[in-house]
Amino acid sequence: MRMQRKYTAKEQHAMASSYYQEMQEVFRNNNKSREFPAHNAKVHSVAWSCDGRRLASGSFDKTASVFVLEKDRLVKENNYRGHGDSVDQLCWHPTNPDLFVTASGDKTIRIWDVRTTKCMATVNTKGENINICWSPDGQTIAVGNKDDVVTFIDAKTHRPRAEEQFKFEVNEISWNNDNNMFFLTNGNGCINILSYPDLKLIQSINAHPSNCICIKFDPTGKYFATGSADALVSLWDVEELVCVRCFSRLDWPVRTLSFSHDGKMLASASEDHFIDIAEVETGEKLWEIQCESPTFTVAWHPKRPLLAYACDDKEGKYDSNREAGTVKLFGLPSDS
């Protein structure tokens with residue numbers, strides 16, 4: 001195995017500084033956000049297919065929508081109906097750009113195929129589902145419910161492989177990129193790390209003084225980030241399992257995180273009326289996207305500096321109670 005050359009602090013600083021300037025220039029020329037009608041109610045989750053051609057959104061209106069990305073806009077392709085309750089989270093297959101899975105409060109998950117626009121499988125689960133992730137090898141889907149049960153479902157047979165009941169509030173769940181560890185963020189501010197597939201507790205890290213809400217791994221496998229009710233985002237070294245830095249520009253509980261395709265930028269959002277885009281290696285603010293309301297979900301495009309997101313927007317001037325249900329895209333040319 002080739003050893004990676006370790007850069008000196010001075011070299012790292014120089015590289016970070018040139019990246020900072022490069023991205024500032026990119027966003028100065030591409031700082032427009034555009035919104036696209038997606039649902040009749042609040043959008044809970046947005047996610048890109050692995051090839052970046054499609055964006056899916058899940059909503060309180062019990063449906064999922066799929067858009068195709070054309071040059072500088074999202075074109076709605078289909079609306080996926082079938083769930084009997086809110087679609088709280090969704091994710092795409094890690095390597096197949098045609099399959100995505102939705103988790104719903106109706107005690108099911110559904111796997112959808114964009115080629116046929118049909119539901120391939122409905123899997124019954126024990127509780128109201130709120131979190132879902134697909135293993136990096138594509139073989140397993142993990143789903144967490146409101147009763148803190150995580151069920152591991154075989155992606156081919158659609159049968160449960162394992163089920164774990166936890167004694168604490170389970171928030172977001174994720175495999176590491178190597179597929180041999182499973183991470184949970186919990187209500188006590190901890191990150192629980194289990195071996196996979198045998199699900200034995202390896203370590204419990206006291207990460208935050210309050211509820212640890214979300215977790216994301218960077219595409220390069222070097223870091224993962226957690227967001228907490230203490231309004232902090234912490235960045236962790238995957239190998240050492242130590243916190244390398246904190247991002248503290250938000251004032252409200254951190255709801256959602258996303259790393260850019262190169263692992264060099266981290267977007268985080270909350271009830272603050274902006275999305276923070278930080279440079280991972282320095283913690284510096286690269287950009288700030290202004291929003292008019294709390295942001296629930298953010299997702300960087302897997303190949304380009306485009307960020308999809310959804311906020312708690314209300315419809316127009318006349319009916320301030322009606323939710324807009326729009327999906328937004330940031331990073332479009334300023335003159336478009």
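In this structure, the side chains of L329 and L69 come closer than 4.5 Å at one or more pairs of heavy atoms. A 4.5 Å side-chain heavy-atom check between K107 and N124 finds every atom pair outside the cut-off. Contact annotation: the side chain of E169 never approaches that of N186 to less than 4.5 Å [non-hydrogen atoms, C-beta and beyond]. Under the 4.5 Å side-chain criterion, counting only non-hydrogen atoms from C-beta, I173 is in contact with V150. Within the 4.5 Å cutoff, no side-chain heavy atoms of Y19 are placed close to those of E281. Side-chain contact between F247 and L232 is absent, with no heavy atoms from C-beta onward closer than 4.5 Å. You'll find the side chain of T125 reaches within 4.5 Å of the side chain of I153, heavy atoms only. Side-chain atoms of Q203 and L241, non-hydrogen and from C-beta on, do get closer than 4.5 Å to each other.
Counting non-hydrogen atoms of neighbouring residues, nucleotides and ligands closer than 6.0 angstrom, the CZ atom of R28 exceeds 12 such neighbours. Enclosure of atom CZ in R53 is not indicated, since only 12 or fewer non-hydrogen atoms of other residues, nucleotides or ligands lie within 6.0 angstrom.
Checked against side-chain contact (heavy atoms from CB on, under 4.5 Å), D113 has the following partners two or more places apart in sequence or in another chain: D98, L99, R115, T116, M120. For Q290, the side-chain contact (heavy atoms from CB on, under 4.5 Å) criterion is met by F274, E288, not counting sequence neighbours. Judged as a side-chain hydrogen bond (donor to acceptor under 3.5 Å, both in side chains), and not counting sequence neighbours, the contacts of T108 are H83, D106. Residues passing the side-chain contact (heavy atoms from CB on, under 4.5 Å) test with A38, sequence neighbours excluded: S57, F67, V327.
Between the side chain of S104 and the backbone N or O of D85 there is at least one donor-acceptor pair closer than 3.5 Å. In this structure, the side chain of Q89 engages the main chain of I132 through a donor-acceptor pair within 3.5 Å. Put simply, the side chain of W134 gets close to the backbone of G138: a donor and an acceptor are under 3.5 Å apart. Looking only at distances, a side-chain donor or acceptor of T297 sits under 3.5 Å from a matching main-chain atom of V46. Listed for the S228 side chain is a donor-acceptor partner under 3.5 Å among the backbone atoms of N211. With hydrogens and angles ignored, the 3.5 Å screen pairs no side-chain donor or acceptor of D276 with any backbone N or O of K285. Between the side chain of S59 and the backbone N or O of A41, at least one donor-acceptor pair lies under 3.5 Å. The main-chain N or O of V280 is found under 3.5 Å from a side-chain atom of R245 such that the two form a donor-acceptor pair. Although no hydrogens or angles enter the test, the distance criterion places no donor-acceptor pair under 3.5 Å between the side chain of H39 and the main chain of D61. Of the possible polar contacts, none joining the W48 side chain to the P302 backbone as a donor-acceptor pair under 3.5 Å is found.
Pairs passing the ring pair (Phe, Tyr, Trp, His ring centres under 6.0 Å) check and including a residue from residues 177-208, sequence neighbours excluded, read F152-F182, F152-Y196, W175-F182, W175-Y196, F183-F217, F183-F224. For residues 249-272, no residue pair satisfies the ring pair (Phe, Tyr, Trp, His ring centres under 6.0 Å) rule, not counting sequence neighbours.
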Working for side chain to side chain contact (heavy atoms under 4.5 Å, CB included), residues V149 and T151: CA-CA 6 Å; V149 174; T151 307; 4.0 Å; yes

Working for side chain to side chain contact (heavy atoms under 4.5 Å, CB included), residues I191 and T226: CA-CA 9 Å; I191 305 163; T226 55; 3.6 Å; yes

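Across all their heavy atoms, I277 and M265 have their closest contact at CG2-SD, 4.0 Å.
The existence of a salt bridge linking E77 and R54 is confirmed by a sub-4.0 Å separation between a basic side-chain nitrogen and an acidic carboxylate oxygen. Note on D154 versus R159: no salt bridge recorded, every NZ/NE/NH1/NH2 to OD/OE distance being 4.0 Å or above. In summary, K216 and E172 engage in a salt bridge, as defined by a charged side-chain N under 4.0 Å from a carboxylate O. With salt bridges taken as basic N to acidic carboxylate O contacts below 4.0 Å, none links E239 and K222.
Note on ring orientation: taking the six-membered ring where Trp is involved, the planes of F27 and F330 are tilted (angle from 30° to 60°). Taking the six-membered ring where the residue is Trp, F100 and W92 present tilted rings, their angle falling between 30° and 60°.
Note that OG1 of T95 and NE2 of H93 are 4.5 Å apart. Values are rounded to the nearest 0.5 Å. Interatomic distance, I289 CD1 to I275 CD1, rounded to the nearest 0.5 Å: 4.5 Å.
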